[in-house]
Amino acid sequence: MPLKSIVSTLFILALFACNRGINNDELFNKFQHPDANARPMVRWWWNDDRLEAEEIKRELAVLKDAGIGGVEINPIAMLPENDNLGIEALEWGSPQWSEMVKTASLEAQKNGMIADLLVGSGWPFGGEFLDEDERIQRIGVKQQLINENTKVSIDINEFLNISEVSRGSVSVKAVKLIHQNIHSVEEIIDLSEKMINGKIEYETDAKEYMLVVVYVEKDFREVQHGALGAGGPVMDHFKEESVVAYIDRLKAIEEYTGIPLHELIRALFVDSIELSGSNWTDEMTKLFKERNGYDLTPYLPLVLQAEDGKNECGLSDDFLETVRRVRYDFNNTVIELFLESFVKNYQKFCTENKVLCRYQAYGHPEYMGIFQGNTMVDIPECNSWIYSRGREEAGSS
């Protein structure tokens with residue numbers, strides 16, 4: 001730093017100290033012995049929630065001696081090949097686990113440290129306790145070019161490769177034939193009613209078509225690295241009642257320990273929203289129409305992106321503008337539902353329980369309302385990655 005900048009900084013600090021009635025010795029002492037909220041915090045992995053009170057206290061003492069000001073308690077699954085040291089895994093949200101949260105939080109306070117807590121375990125949030133109608137969903141399309149004057153004979157299950165696509169259930173929502181340069185959804189040929197026992201046979205005319213299958217996947221992924229009790233199916237983040245019920249499970253800590261949540265932890269924390277493209281919920285078409293004033297269903301084969309990220313159906317210029325508008329409305333509805341169902345209720349729970357709300361407002365899908373989400377919570381956060389692949393490919397070190 002240039003000498004001029006150093007002098008200016010010291011002058012400002014001295015002026016600030018004078019205005020607050022702090023002398024130079026006190027200010028220097030603050031630099032040497034900062035408060036906990038001015039020290040670095042660390043993510044504290046609770047591997048498999050295999051916990052012992054004395055080990056918790058020992059680790060906190062080590063962190064304190066290293067100058068750490070606080071911990072983010074982060075329950076996480078442990079890899080099967082790792083040594084479990086003969087310690088029993090505690091179930092997330094159980095009385096025994098809640099007692100360990102109490103032990104860690106009170107010991108942190110004793111050491112003059114901050115304690116925060118992850119909302120669930122791993123990412124995204126879920127649990128074995130979720131009912132089928134509370135689990136993650138997404139809608140997608142798979143398409144194939146059909147030449148003119150061709151007899152179409154397709155087994156939809158084989159076409160979608162369902163055994164490979166999803167761990168959960170896959171249902172076909174629509175089967176459409178779309179020719180080039182269409183001007184409206186009325187020109188799309190609906191083959192859905194021609195599907196018999198999962199098979200479709202149809203002969204095209206002298207036009208080239210795109211066969212588009214619209215399908216919905218339910219319960220298509222599990223919590224990544226979820227510990228016991230908070231692993232398994234991922235929650236539907238667009239269904240408000242499921243979100244509220246999930247976050248309310250954290251009240252068990254207060255119920256089991258007899259200590260209000262805000263007397264144990266400073267903040268709850270939500271990691272990035274890695275929903276693997278989730279963009280659907282049971283009442284999506286109804287909610288879309290209420291918000292936008294028209295039916296989304298006829299446009300789904302054109303609005304949704306194919307596996308390769310493209311939609312190769314040829315559209316007339318004027319109709320393309322309509323489709324782009326519908327696509328905007330759909331993506332915007334997904335964002336609004338996520339913010340209203342998940343982020344709003346997460347912040348509400350934190351406010352009602354007098355703890356701060358920490359949140360990383362990004363993930364996949366990418367359009368999860370990063371800007372809006374950051375304005376809705378107490379402590380917006382982000383990740384920073386050092387991306388060097390380009391330099392490595394160029395042979396740089």
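- With S121 contributing its side chain and A227 its backbone, the two residues share a donor-acceptor pair below 3.5 Å.
- I253 and F129 fall within a single hydrophobic cluster, where Ile, Leu, Val, Met, Phe, Trp and Tyr side chains are chained together by heavy-atom contacts under 4.5 Å.
- In terms of the salt bridge (charged side-chain N to carboxylate O under 4.0 Å, His left out) criterion, residue partners of E54 (sequence neighbours excluded) are, by chain and number, K57.
- Annotation for A53 and T103: closest pair CB-CG2, 4.1 Å, computed over non-hydrogen atoms.
- Two residues are said to be in side-chain contact when any heavy atoms from C-beta on lie closer than 4.5 Å; Y215 and I156 fail this criterion.
- Put simply, the side chain of N345 reaches to within 4.5 Å of the side chain of E240, judged on heavy atoms.
- Applying the 6.0 Å contact sphere to CD of E290 captures more than 12 heavy atoms from other residues, nucleotides or ligands.
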Go through the steps to decide whether F269 and I73 satisfy the test side chain to side chain contact (heavy atoms under 4.5 Å, CB included), and finish with yes or no. CA-CA 9 Å; F269 173 62; I73 299 171; over 6 Å; no

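- Atom CG of L250 sits about 5.0 Å away from atom CZ of F349, to the nearest 0.5 Å.
- Tracing side-chain contacts under 4.5 Å through hydrophobic residues (I, L, V, M, F, W, Y), one never reaches F371 starting from L337; they form parts of separate clusters.
- When hydrophobic clusters are built by joining Ile, Leu, Val, Met, Phe, Trp and Tyr residues whose side-chain heavy atoms come closer than 4.5 Å, directly or via intermediates, L304 is grouped together with I182.
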Begin with the C-alpha distance, continue with both residues' side-chain angles, and end with the deciding distance and a verdict on salt bridge (Lys or Arg N to Asp or Glu O under 4.0 Å) for K286 and D295. CA-CA 8 Å; K286 174 188 173 185; D295 187 8; over 6 Å; no

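- Under the rule for a side-chain contact (heavy atoms from CB on, under 4.5 Å), the partners of M376 that lie at least two apart in sequence or sit in another chain are L339, V343, K344.
- Checked for salt-bridge contact, R266 and D116 meet the test: a charged N lies under 4.0 Å from a carboxylate O.
- Placement of M100 and I114 in two distinct hydrophobic clusters is found when ILVMFWY residues are connected by side-chain heavy-atom separations under 4.5 Å, directly or transitively.
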Could you walk me through whether L160 and V213 pass the side chain to side chain contact (heavy atoms under 4.5 Å, CB included) check? CA-CA 8 Å; L160 292 178; V213 178; 4.0 Å; yes

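- Side-chain atoms of R135 come within 3.5 Å of backbone atoms of L130 as a donor-acceptor pair (strictly under, hydrogens ignored).
- In terms of heavy-atom proximity, Y209 sits nearest to I189 at CE2-CD1, 3.8 Å.
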Checking side chain to side chain contact (heavy atoms under 4.5 Å, CB included) for the pair T204/V152: CA distance, chi angles, key distance, verdict? CA-CA 7 Å; T204 63; V152 179; 4.1 Å; yes

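- Checked by atom type, the side-chain pair S105/Q109 shows no donor-acceptor distance below 3.5 Å.
- Taking CD1 of I178 as the start and CD of E208 as the end, the distance is 13.0 Å to the nearest 0.5 Å.
- Summarising the geometry of F159 relative to K142, their closest heavy-atom pair is O-NZ, 2.7 Å, with the distance given to 0.1 Å.
- Taking a cutoff of 4.0 Å between a charged side-chain nitrogen and a carboxylate oxygen, K176 and D190 qualify as a salt bridge.
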So V270 and Q360, side chain to side chain contact (heavy atoms under 4.5 Å, CB included) or not? Walk me through it. CA-CA 6 Å; V270 167; Q360 295 182 358; over 6 Å; no

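- For the pair L191 and L211, the tightest heavy-atom approach, listed with the atom from each and the gap, is CD1-CD1, 4.1 Å.
- Side-chain atoms of M195 and I200, non-hydrogen and from C-beta on, do get closer than 4.5 Å to each other.
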Evaluate salt bridge (Lys or Arg N to Asp or Glu O under 4.0 Å) for R291 paired with E336, printing each intermediate quantity in order. CA-CA 10 Å; R291 291 162 184 264; E336 289 178 350; 3.0 Å; yes

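- Between N74 and L117, the closest side-chain pair of non-hydrogen atoms is not below 4.5 Å.
- D219 and Q137 form no side-chain donor-acceptor contact under 3.5 Å, judged by distance and modelled atom types alone.
- Between Y294 and F288, the ring center distance clears the sub-6.0 Å criterion.
- Look at K207 and E148 and you find no salt bridge, because none of the NZ, NE, NH1 or NH2 atoms lies under 4.0 Å from a carboxylate O.
- The shortest side-chain heavy-atom distance between Y328 and V303 does not fall under the 4.5 Å cut-off.
- A salt bridge does not link K239 with E134: every distance from a Lys NZ or Arg NE/NH1/NH2 to an Asp or Glu carboxylate oxygen is 4.0 Å or more.
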List the steps, then state whether side-chain hydrogen bond (donor to acceptor under 3.5 Å, both in side chains) holds for N292 with T333. CA-CA 9 Å; N292 300 283; T333 299; 3.1 Å; yes

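- The two residues G229 and E91 have their closest heavy-atom pair at CA-CG, 3.7 Å.
- To the nearest 0.5 Å, atom CD1 of residue I259 and atom CG of residue L264 are 5.0 Å apart.
- Two residues are said to be in side-chain contact when any heavy atoms from C-beta on lie closer than 4.5 Å; L60 and M113 meet this criterion.
- The neighbour count for N147 CG, taken as heavy atoms of other residues, nucleotides or ligands under 6.0 Å away, is above 12.
- Between the side chain of S192 and the main chain of V175, a donor-acceptor pair closer than 3.5 Å is present.
- For the residue pair E217 and W280, no side-chain donor N or O sits within less than 3.5 Å of a side-chain acceptor on the partner.
- Side-chain N or O atoms of Y346 include none that pairs as donor or acceptor with a backbone N or O of Y359 at under 3.5 Å.
- Applying the side-chain hydrogen bond (donor to acceptor under 3.5 Å, both in side chains) test to pairs two or more places apart or on separate chains, none has a residue in residues 241-259.
- More than 12 non-hydrogen atoms from other residues, nucleotides or ligands lie less than 6.0 angstrom from CG of D318.
- Checking S278 against R138 by side-chain atom types alone, no donor-acceptor pair falls below 3.5 Å.
- For the atom pair CD of E203 and CD1 of I146, the computed distance is 12.5 Å after rounding to the nearest 0.5 Å.
- Heavy-atom minimum distance, G120 versus F125: N-CE2, 3.4 Å.
- Side-chain atoms of E187 and H179, non-hydrogen and from C-beta on, do get closer than 4.5 Å to each other.
- In this structure, E72 pairs ionically with R358, as a charged nitrogen and a carboxylate oxygen lie closer than 4.0 Å.
- K218 has its side chain within reach of D282: a pair of non-hydrogen atoms, C-beta onward, lies under 4.5 Å apart.
- Ring to ring, H237 and F342 are close: their centroids are under 6.0 angstrom apart.
- Hydrophobic clustering, with ILVMFWY side chains joined whenever heavy atoms are under 4.5 angstrom apart, keeps W44 apart from I379.
- Within the model, atoms CG of L287 and CD of E340 stand 9.5 Å from one another, a figure rounded to the nearest 0.5 Å.
- Distance check, rounded to the nearest 0.5 Å: CG of L300 to CZ of R327 gives 11.5 Å.
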